[in-house]
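Since this is a predicted model, take the numbers as computed values, not measurements. FYI, the numbering just counts along the sequence from 1. What's counted below: heavy atoms across the whole structure, side chains too, no hydrogens, waters or symmetry copies. Whatever order the structure lists them in is the order used to number ligands and atoms, beginning at 1.
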Amino acid sequence: MRKENMAAEKDTAAFSSDKKMKDAIAVFDSGVGGISVLRELVRIMPQEDFYFFGDSANAPYGTKSTEEVRKLTSDHVERFIAGGAKGVCIACNTATSAAVRSLRIKHPDFPIVGIEPAIKPASQFMDHPRVLVMATPMTIREEKFQKLMARFEDKADIHPLPCPGLMEYVERGLSHTPEVESFLRVLLAEYTAEGPFGPMDAVVMGCTHYPFVAAEIQKVLGENCRVFDGAEGTAREMRRRIEAAGLLNAEPSRKGNVSFFNSSDDPLKVELCKRLLDS
Ligand code: DGL
């Protein structure tokens with residue numbers, strides 16, 4: 001069973017035998033956004049093989065219930081483990097907040113790394129900054145996020161902003177368009193220099209789709225607003241866990257393979273992933 005663009009997944013067991021998964025690091029997102037993490041993973045571990053899976057058929061995750069996202073994420077991660085992946089990176093803040101804890105309890109010795117909004121560095125890069133955290137509605141309402149925000153409340157003036165509708169521009173390949181800019185101008189109006197809460201000193205990309213519209217966000221929030229993204233820290237943590245498990249590929253000259261899969265039957269999704277990886 002090998003197809004680059006699998007039809008919406010029905011029989012998860014059928015994909016477990018996928019050879020590309022064996023000994024690769026599986027990277028998972030609700031769609032194409034996880035490519036912002038994959039590109040950091042490839043940069044710091046070019047010798048590794050990566051298996052990228054985007055669940056675009058079920059996207060967006062951010063407006064679903066926690067239970068739905070937990071089930072979808074767990075099913076995919078179990079499939080990667082059964083298929084012989086040597087580690088899993090949940091390159092989705094939403095899926096991480098719903099499922100990483102239970103997956104780690106179930107697989108304590110398997111390297112599973114998730115991503116969370118980079119509130120820590122954004123709150124500490126200057127004295128008491130004004131920090132805007134852009135994320136999905138689900139990420140923001142989850143306890144994991146609320147606890148993280150509470151830890152830095154005395155260090156920064158933190159504004160969480162749910163952004164339903166934003167990831168869809170990236171999913172549709174419309175990152176650098178006037179449409180996304182108009183959408184952002186309305187969404188971010190209160191956080192600009194002219195708005196009641198602005199100007200912001202920092203903005204956190206709390207969803208892995210958003211780095212692909214970071215330039216447009218920066219344009220609206222202004223040059224002086226610094227952009228924080230958790231992708232690099234997540235990639236470093238994945239490398240640390242793979243190394244600690246004794247699974248890091250030791251041939252430094254080896255060039256790893258990156259394969260792309262998507263639950264949507266739209267072939268453009270995989271094409272978009274490849275394009276975003278090179279962006
Ligand atoms: N990329 C996902 C994240 O990091 C969210 C997109 C979605 O709503 O599915 O949260």
Side-chain angles (χ1 to χ4, degrees), residues 8-9 26-41 52-77 88-101 103 112-119 122 132-146 148-149 160-175 180 183-184 187 203-214 217 227-235 237-238 260 262-264 266 269 272-273 276-277 279:
E9 187 179 354
V27 183
F28 166 68
D29 180 40
S30 62
V32 305
I35 299 289
S36 61
V37 181
L38 179 66
R39 68 184 171 190
E40 292 300 321
L41 287 161
F52 182 84
F53 183 83
D55 194 11
S56 296
N58 290 304
Y61 277 17
T63 48
K64 287 187 161 48
S65 73
T66 306
E67 291 64 37
E68 272 178 284
V69 174
R70 186 173 300 135
K71 166 97 177 77
L72 286 165
T73 307
S74 301
D75 286 354
H76 292 305
V77 172
V88 172
C89 180
I90 305 177
C92 176
N93 295 262
T94 310
T96 298
S97 59
V100 80
R101 196 164 165 269
L103 283 164
I112 301 176
V113 170
I115 185 165
E116 65 178 18
I119 293 182
L132 180 65
V133 187
M134 298 173 69
T136 69
M138 207 200 101
T139 296
I140 288 178
R141 76 165 186 263
E142 280 301 297
E143 192 190 347
K144 195 173 190 301
F145 179 87
Q146 295 298 330
L148 177 67
M149 196 169 83
L161 179 67
C163 305
L166 181 53
M167 69 80 82
E168 284 84 343
Y169 287 94
V170 180
E171 277 293 305
R172 301 202 319 259
L174 300 173
S175 291
V180 82
F183 179 88
L184 288 167
L187 182 72
V203 59
V204 174
M205 305 287 102
C207 165
T208 54
H209 283 73
Y210 304 167
F212 295 113
V213 289
I217 291 171
V227 177
F228 286 85
D229 164 4
E232 194 191 333
T234 303
E237 177 62 9
M238 189 79 245
F260 300 89
N262 199 289
S263 58
S264 161
D266 177 356
K269 291 291 178 201
L272 179 58
C273 284
L276 292 174
L277 187 63
S279 69

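- Residue, atom and distance of the protein heavy atom nearest to atom 8 (O) of ligand 1 are Gly62 N, 2.8 Å.
- The shortest contact between atom 10 (O) of ligand 1 and any protein heavy atom is with Thr94 OG1, 2.6 Å.
- Using the six-membered ring where Trp is involved, Tyr61 and Phe28 have ring planes that are tilted, between 30° and 60° apart.
- Near Thr136, meaning under 4.0 Å from one of its heavy atoms, ligand 1 places the atoms 5 (C), 8 (O), 10 (O).
- Between Leu184 and Met134 the shortest side-chain heavy-atom distance falls below 4.5 Å.
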**OP:** Let me see the working for Glu171 and Lys269 under side-chain contact (heavy atoms from CB on, under 4.5 Å), right down to the final yes or no.
**Re:** CA-CA 8 Å; Glu171 277 293 305; Lys269 291 291 178 201; 3.4 Å; yes
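- Remark: of the listed residues Thr63, Asp29, Thr139, Thr66, Thr139 is the sole one forming a side-chain hydrogen bond (donor to acceptor under 3.5 Å, both in side chains) with Thr94.
- Put simply, the side chain of Asn58 does not reach to within 4.5 Å of the side chain of Glu68, judged on heavy atoms.
- Remark: minimum distance from atom 5 (C) of ligand 1 to any protein heavy atom is reached at Cys207 SG, 3.4 Å.
- Closest protein heavy atom to atom 2 (C) of ligand 1: Cys92 SG, 3.2 Å.
- Close contacts of ligand 1 with Tyr61, meaning ligand atoms under 4.0 Å from a residue heavy atom, involve 7 (C), 8 (O), 9 (O).
- Scanning for ring pair (Phe, Tyr, Trp, His ring centres under 6.0 Å) contacts around Phe145 gives an empty result, with sequence neighbours left out.
- Here the heavy atom of the protein found nearest to atom 6 (C) of ligand 1 is Ser30 OG, 3.4 Å.
- Using a 4.0 Å cut-off between heavy atoms, Thr63 makes no contact with ligand 1 at all.
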Subject >> side-chain contact (heavy atoms from CB on, under 4.5 Å) evaluation trace for Cys89 with Val37 >> reply: CA-CA 9 Å; Cys89 180; Val37 181; 3.9 Å; yes
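- Of all the atoms in ligand 1, the ones that sit under 4.0 Å from a non-hydrogen atom of Asp29 are 1 (N), 2 (C).
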